[in-house]
Amino acid sequence: MAVTELAAAPTTLRGVGPTRAHLLGRLGITTVGDLLFLLPGRYEDRSQIVPLAIAAAHGEGLVRATVVRHEFFPHGGRRVLKIVISDESGAAVLVCFGRNVLAKTFPPGSDLLVFGSFSFRYGEIQSSSFEAEHVRKEQKPPGLLPVYPLTDGLTQRILRDLVATVLASPAAQLEDPLPPAIRTTEHLMSFADAIRTIHHPASLDAAERAFRRLRFGELFFFQLNLARSAMIRRRSSRRARPTRTRHLTAGVRESLPFSLTEDQETVLREIVTDMEQPWPMNRLLHGDVGSGKTLVALLAALRAIERGEQAVLMVPTELLARQHAWTAAAILSQTDVNVALAIGAAAAPARRALREAVAAGEIDLVVGTHALFSADVIYANLGLVIIDEQHRFGVSQRRAIMERGTSPDLLLMSATPIPRSLALTAFGDSDVSAITHLPPGRKPIRTRLARMGNEERVYRFVHKELEAGRQAYFVYPAIDEGGTRGLRSAAEMAEILAERFAPYTVGVAHSRLDQEERAATMEQFKNGLIHVLVATSVVEVGVDVPNATCIVIEHAELFGLAALHQLRGRVGRGEFQSHCILVYQEPLTDDAKERLRVLYQSNDGFHIAEEDLRIRGPGDLLGTRQAGFLRFRFADIRRDMELMLNARRHIAAILRDDPDLTQTEHRPAAAELTRAESAASEADR
Ligand code: ADP
Ligand code: MG
């Protein structure tokens, strides 16, 4: 009945044929019900009648006046109608460009209700953009009218009529899925009232309360869904935890050249505690660039290995895979742990040998790219999956991994901090650990800005660092000139810089070089055989060379905030004072100025992430691959954090009492979850 009507195509409405249905489709309206959720961008205030004398000062308004006479004036070879109107306060002119027919509709003496934007021009009060109608007997001002987003071929009037039709049908008596107790404590109007109110509010205040109700509801069900899946994970997939058979951690920790920071200890404890639970871990570890997440990950892996499980560390690039494999090998060199590197570039026989060893359980830790999870790789006893730089992987990739067999523990690591509001949504079904302090002894990186054309000073500065025995990165947005004319590029600048810095050596790394060549260059840079590394943003992720103290990013205006902060994080990893020089080319867009300003003023990844969210919005920040399911109709997580926390509090209380939502007052909520789920899987297809 009602529900099916809302699901019906718009063509089932009177006045909507295929053409209009197509136009509605452009506004995202594909069902009758979608019309109910069409959000007005603003309201026209037709709640009171404005005296003509002050209409111009008012701007947009409703007036009631009588037609005094018609006049015509020449314009572009034609005659244009002017309708002179007056009320008790004064007179005004309606300029009817292309609408001379109105002379017939509104003869002198007509009483009119006019809504328009008025201004004072040519010595009179004028409106050339107006709607007028004859005053009907006893007619009251219509109130606040919704202004909907339009597309060519549709008018406000058409949309208003369609929405009114749907609102008037019994189908608009929508059931409210929110538990009544919450509505009461939060002072929320019912769902049906809220929908009605956003289209026809009695006041702007009522409209605001209706929007708040809709935002709350949306966040409530989004969070309820996350909370339920976290609960189901804890409950259903019980697995036996093998007991410890090897003792490795203590020895490894003793052999480290430093001790863990307090934050590292804390997050490691959180992770290990999870790993002892009978359900699979799902935890996000975030922290600033250089905060030491890799070591935590490796110690977590060690914990799995101690009880005879295999661990994998998955990273987005082969460069990073090799680096982490080196790090792991170095840290674990005193033990009998077997570490292997799995990358797409390996030769077939080597790959087969690796596969066999993994399947036989001879390898304890595999570090690699997504090649780790190609269909032919079978793990003897996979206990822990760590995904570094998780933002480079999609949700579906993550899910595919988790669905491989034994429900292993999952540790997601983020390249940079994630703002709290994003963590609570994009990772709302995960537990979250954060490293908020860098290892001791780090000197904050000094960031400077330089206009392109002033780089001789920059080069002199880098030269001094080289003379002091340090190393430097130069980063460019493009590999070579092809396609990106006018930009400096890595290939071109590598030659120029090689000449400039001779006898110091210069190497190049970008994605068009083959893996072996790039790996060799990186290794030489790491060992200090190459002094200056010229690269594209391939060095963005994770590369760790503590002796490099300078990074020069040219065309900094073209990089995103998160990328710039990641790039800057390539330096400042050791005991030496480090420098980041952002070379920009003018003219700068407002956004680019804003990004450079944020970066210049702050070294704090948590702050920068918040700013990035503010400037770019959640979709862009997460990357297109993850943004899809964060599309809200009403809510905006940048604004609605308080509402979201509120919703989460209520949800925790509800699930404590009624985890399966079987109580009568929770049944509509349970039904709403099921409905949303099937809608989502429909959209997936
Ligand atoms: P990120 O969090 O960006 O992945 P890394 O794990 O690459 O950071 O660590 C950055 C650097 O800090 C590495 O050189 C690492 O050896 C070093 N490091 C990690 N933990 C500590 C510590 N507790 N004390 C000193 N240095 C540390
Ligand atoms: Mg890292």
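The residues of the chain are indexed from 1 along the displayed sequence. First listed ligand is number 1; within each ligand, the first listed atom is number 1.
No part of A415 comes within 4.0 Å of ligand 1, judged by heavy-atom distances. Residue S291 touches ligand 1 through backbone and side chain together, judged by heavy-atom distances below 4.0 Å. At a heavy-atom distance under 4.0 Å, only backbone atoms of L260 (N, CA, C or O) approach ligand 1. At a heavy-atom cutoff of 4.0 Å, ligand 1 is contacted by no atom of M413, backbone or side chain.
Residue T261 approaches ligand 1 through these ligand atoms, each under 4.0 Å from one of its heavy atoms: 23 (N). Heavy-atom contacts of D544 reach the following atoms of ligand 1: 13 (C), 14 (O) (cutoff under 4.0 Å). The distance from ligand 1 to the heavy atoms of V289 drops below 4.0 Å at these ligand atoms: 3 (O). Heavy-atom proximity to T294, at under 4.0 Å, picks out these atoms of ligand 1: 4 (O), 5 (P), 6 (O), 7 (O).
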inquiry  = Under the criterion ring pair (Phe, Tyr, Trp, His ring centres under 6.0 Å), I'd like the reasoning laid out for F461 against H579: C-alpha separation, chi angles, the key distance, then a yes or no.
reply    = CA-CA 10 Å; F461 179 82; H579 307 269; 4.7 Å; yes
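A heavy-atom separation below 4.0 Å is not found between G441 and ligand 1.
In this structure, the separation between CD1 on I479 and CG on L513 is 7.5 Å, given to the nearest 0.5 Å.
Contact record, M275 with A300: CE-O, 3.7 Å, taken as the closest heavy-atom pair.
Around atom 12 (O) of ligand 1, the closest heavy atom drawn from R570, R442, E389, Q566 belongs to R442.
Inclusion of G290 in the set of residues having an N or O under 3.5 Å from an N or O of ligand 1 is warranted.
Under the side chain to side chain contact (heavy atoms under 4.5 Å, CB included) rule, D364 has a single partner from Q310, E306, E309, R246, which is R246. Residue E455 is tested with R500, R448, R488 for a salt bridge (Lys or Arg N to Asp or Glu O under 4.0 Å); the sole match is R488.
Not less than 6.0 angstrom separates the ring centroid of H565 from the ring centroid of F559.
Ring geometry for Y504 against H463 counts as perpendicular: the plane angle is over 60°, on a 0 to 90° scale with 30° as the lower cut.
The existence of a salt bridge linking E465 and R460 is excluded, since no basic side-chain nitrogen approaches an acidic carboxylate oxygen closer than 4.0 Å.
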